[in-house]
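Inspection log for the structure reproduced underneath, given as structure tokens.
A, B, ... follow the sequence lines: proteins, then strands. Residue 1 opens every chain.
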Amino acid sequence: MAGSKTYYLTTPIYYVNDVPHIGHAYTTLACDALARFMRLDGYEVKFLTGTDEHGQKVEKSAQAAGVAPQAFTDRVSQNFRDLVRVMNFSNDDFIRTTEPRHVEAVQALWTRLLENGAIYLGAYAGWYSVRDEAFYGEDELTDGPDGRKIAPTGAECEWVEEPSYFFRLSAWQDRLLAHYEAHPDFILPPGRRNEVISFVKSGLKDLSISRTAFSWGIPVPGDDKHIMYVWLDALTNYITAVGYPNTAEGSDYARYWPADLHMVGKDILRFHAVYWPAFLMAAGLEPPRRVFAHGWWTIEGQKMSKSLGNVIAPESLVTTYGLDQTRYFLLREVAFGKDGDFSHAAMVQRINSELANGYGNLVQRSLSMIGKNCGGAVPEPQPFTAADETLLAAAHGLLGAVRAEMREQAFHRALDAIWRVVDDANRYIDEQAPWALKKTDPARMGTVLYVLAETIRHLAIMTQPVMPESSARILDQLGQGADARGFDRLGPAGALKPGTPLPAPQGVFPRYVEETKS
RNA sequence: GGCAGCGUAGCUCAGUGGUAGAGCAGGGGAAUCAUAAUCCCUUGGUCGGGGGUUCAAAUCCCUCCGCUGCUACCA
């Protein structure tokens with residue numbers, strides 16, 4: 001409904017020269033889980049991802065491939081659109097920086113910055129590495145053979161001097177610090193916030209925001225020898241997607257901006273937490289509400305790298321372990337924000353212990369008893385006992401607990417809270433022993449099974465953001481249609497109706513069994 | 001080098017002044033509805049070393065050792 005509460009969140013736009021790997025999948029997955037959560041919680045959500053397609057590296061790669069840059073990016077950006085399907089992401093838009101709407105937005109922003117006196121023409125000179133797309137300071141370089149300068153990354157550098165437009169970043173130091181001070185949750189986690197603050201306090205230099213050495217980019221309005229520096233181009237995507245420069249009342253911009261969350265990897269935090277808010281403020285626009293920098297994955301204890309050959313493609317995880325299993329593991333295994341390690345053993349542990357034995361088996365043992373002993377329909381409960389009320393209260397309390405964790409992007413703690421109720425329910429079954437009640441007190445058995453079904457209903461509704469498909473299958477088995485799965489159905493008001501026929505239960509989370517060598 | 005942070009049970013970590021905790025792993029037992037899943041009990045740490053403040057320190061201060069992050073334009 002119009003005028004309802006909105007939530008706008010974004011992933012970085014991914015550089016098309018990269019092949020999608022677990023890191024990309026992770027960033028977007030975190031946003032996806034949050035987007036799904038907010039939708040279920042009644043928000044009008046806009047969830048944006050996309051690809052960053054300009055820059056010298058892309059231009060060179062296209063040349064090497066013997067195709068025009070646009071044709072090249074059309075091809076490689078498809079890898080990231082495919083990732084959306086592989087991981088079951090629910091983004092509402094997929095932006096590409098080569099789209100006309102983006103060119104228009106970036107040029108409009110540039111013009112606005114120029115009008116506001118935030119941009120001036122100067123000259124940039126320094127040692128430049130084409131491979132790294134970066135300038136290096138004299139002190140960072142080492143001498144290579146035949147007197148060439150070598151960057152710390154091992155790339156060769158050349159001396160480049162070119163006219164360049166500059167953004168007056170130096171003018172924004174105090175206002176940025178004031179903004180961090182006034183909005184303690186603008187940068188998360190707190191450790192990263194401190195790093196950004198100390199960086200800004202150490203002094204800001206003006207930023208070179210145009211290039212003349214290559215042409216694959218968005219032309220500077222009125223001076224098309226220049227193209228815009230990749231970060232000004234890339235960051236602007238976040239307002240392109242809400243229709244900038246149309247900021248009129250009733251526009252998407254008016255509805256969704258400022259963004260509630262920019263999710264980023266820790267390596268690009270500075271661009272989002274320093275440059276981007278400065279660009280926006282200089283243009284008279286509001287900065288985003290939050291930038292969250294998450295950590296990196298190592299693989300079996302080792303840094304992920306092409307040379308080690310241990311880069312993990314999301315498809316291979318999904319094929320090996322299952323889609324929802326992969327989604328669950330990535331969000332459960334590490335404290336969101338910290339670095340984590342991906343290992344086969346840890347993955348199997350989580351799948352078997354928490355999904356198959358904990359959650360899946362709870363559902364299976366409960367529903368199969370209902371199937372066999374209650375005529376395949378939701379049983380009629382008698383008045384609840386204290387034990388029943390305790391378990392139901394835990395289930396009813398989940399939304400509040402999980403919502404608090406999701407607000408801080410603490411996905412691991414949100415899942416932990418849900419699993420405490422899974423464990424409560426497994427304890428409850430053993431204590432109530434409905435298989436014994438079957439002979440002594442069938443009516444009481446029905447009540448116990450009703451309480452279990454109702455608890456499972458809450459669990460399945462709550463696990464939808466992280467495991468959409470599996471949760472849907474559980475809700476199917478509880479006879480809960482698509483209109484009965486929002487958070488507004490949690491609590492007694494949405495409780496299962498006795499007599500509702502239920503389909504025969506089927507296992508949702510199979511155990512992971514190692515293939516034995518033959 | 002500078003600034004910041006971390007070092008707690010075999011593993012991953014929570015705990016920031018008042019009798020050392022969780023999950024997993026290990027050991028013992030119960031149950032048999034269920035994906036041989038579940039439940040109960042339990043072994044295990046001089047909280048990196050040393051010094052100090054305090055009636056009391058994993059928790060505050062100093063110092064040493066080890067590790068990590070940031071220090072300008074790479075998810």
Output the single nucleotide from B/A34, B/G69, B/C40 whose closest atom is nearest the side chain of A/Gln364.
B/A34

Can you label the angle between the A/Tyr512 ring and the A/Tyr321 ring as parallel, tilted or perpendicular, going by 30° and 60°?
tilted

Any donor-acceptor pair under 3.5 Å linking the side chain of A/Arg96 with the backbone of A/Ser77?
no

Does A/Tyr14 stack onto the base of B/A75, taking stacking as ring centres under 5.5 Å apart and planes under 30° apart?
no

Side-chain contact check for A/His24: nearest option of B/C70, B/A72, B/A75 is B/A75

Hey, what's the ring geometry for A/Phe271 with A/Trp231, parallel, tilted or perpendicular (30° and 60° as the breaks)?
parallel

Output yes when at least one side-chain N/O atom of A/Lys372 is less than 4.0 Å from OP1 or OP2 of B/A34, else no.
yes

Identify whether any heavy atom of A/Pro434 sits under 4.0 Å from a base atom; if not, whether one sits that close to sugar-phosphate; answer base, sugar-phosphate or nothing.
nothing

With rounding to whole Å, what would you report as the distance between B/U54 and B/C60 at their C1' atoms?
10 Å

Any idea how A/Tyr120 and A/Phe166 line up, ring-wise: parallel (<30°), tilted (30 to 60°), or perpendicular (>60°)?
parallel

Between B/U16 and B/C6, how far apart are the two P atoms, rounded to whole Å?
12 Å

Mapping A/Phe199 and A/Val422 to their closest nucleotides on RNA chain B, which lands nearer the 5' end?
A/Val422

N or O in side chain of A/Lys439 less than 4.0 angstrom from B/C33 OP1/OP2:
no

For the side chain of A/Phe509, counting heavy atoms from C-beta on, which of B/U35, B/C33, B/C73 is nearest?
B/U35

Assign A/Tyr26 to base, sugar-phosphate, or nothing according to its heavy-atom contacts below 4.0 angstrom with the strands shown.
nothing

Look at the aromatic rings of A/His294 and A/Tyr26 and report parallel, tilted or perpendicular, splitting at 30° and 60°.
perpendicular

Of the candidates B/U35, B/C33, B/C24, the side chain of A/Ile429 sits closest to B/C33

For RNA chain B, what is the dot-bracket line, given that a base pair needs Watson-Crick (N1 to N3, plus N6-O4 or O6-N4) or G-U wobble (N1-O2 and O6-N3) geometry with both distances under 3.5 Å, and | means paired with another strand?
((((((((.[[[[.)..(..]]]].(((((.......))))).....[[[[[..)....]]]]])))))))....

Rounded distance (Å) that lies between atom C1' of B/U35 and atom CZ of A/Arg511:
8 Å

Return whichever of A/Asp267 or A/Val508 has its heavy-atom-nearest nucleotide of RNA chain B closer to the 5' end.
A/Val508

Mind checking whether A/Phe279 and A/Tyr275 have parallel, tilted or perpendicular rings, split at 30° and 60°?
tilted

Between B/A75, B/U38, B/A34, which nucleotide gets closest to the side-chain atoms of A/Asp430?
B/U38

Side chain of A/Arg192, heavy atoms from C-beta onward: which of B/C70, B/C24, B/A34 has the nearest atom to it?
B/C70

What's A/Gly371 touching, base or sugar-phosphate or nothing? Going by heavy atoms closer than 4.0 Å.
nothing

Selection from B/G69, B/U38, B/C24 that lies nearest to any side-chain heavy atom of A/Asn361
B/U38

Check whether the side chains of A/Thr463 and A/Ser471 place a donor and an acceptor atom closer than 3.5 Å, and report yes or no.
yes

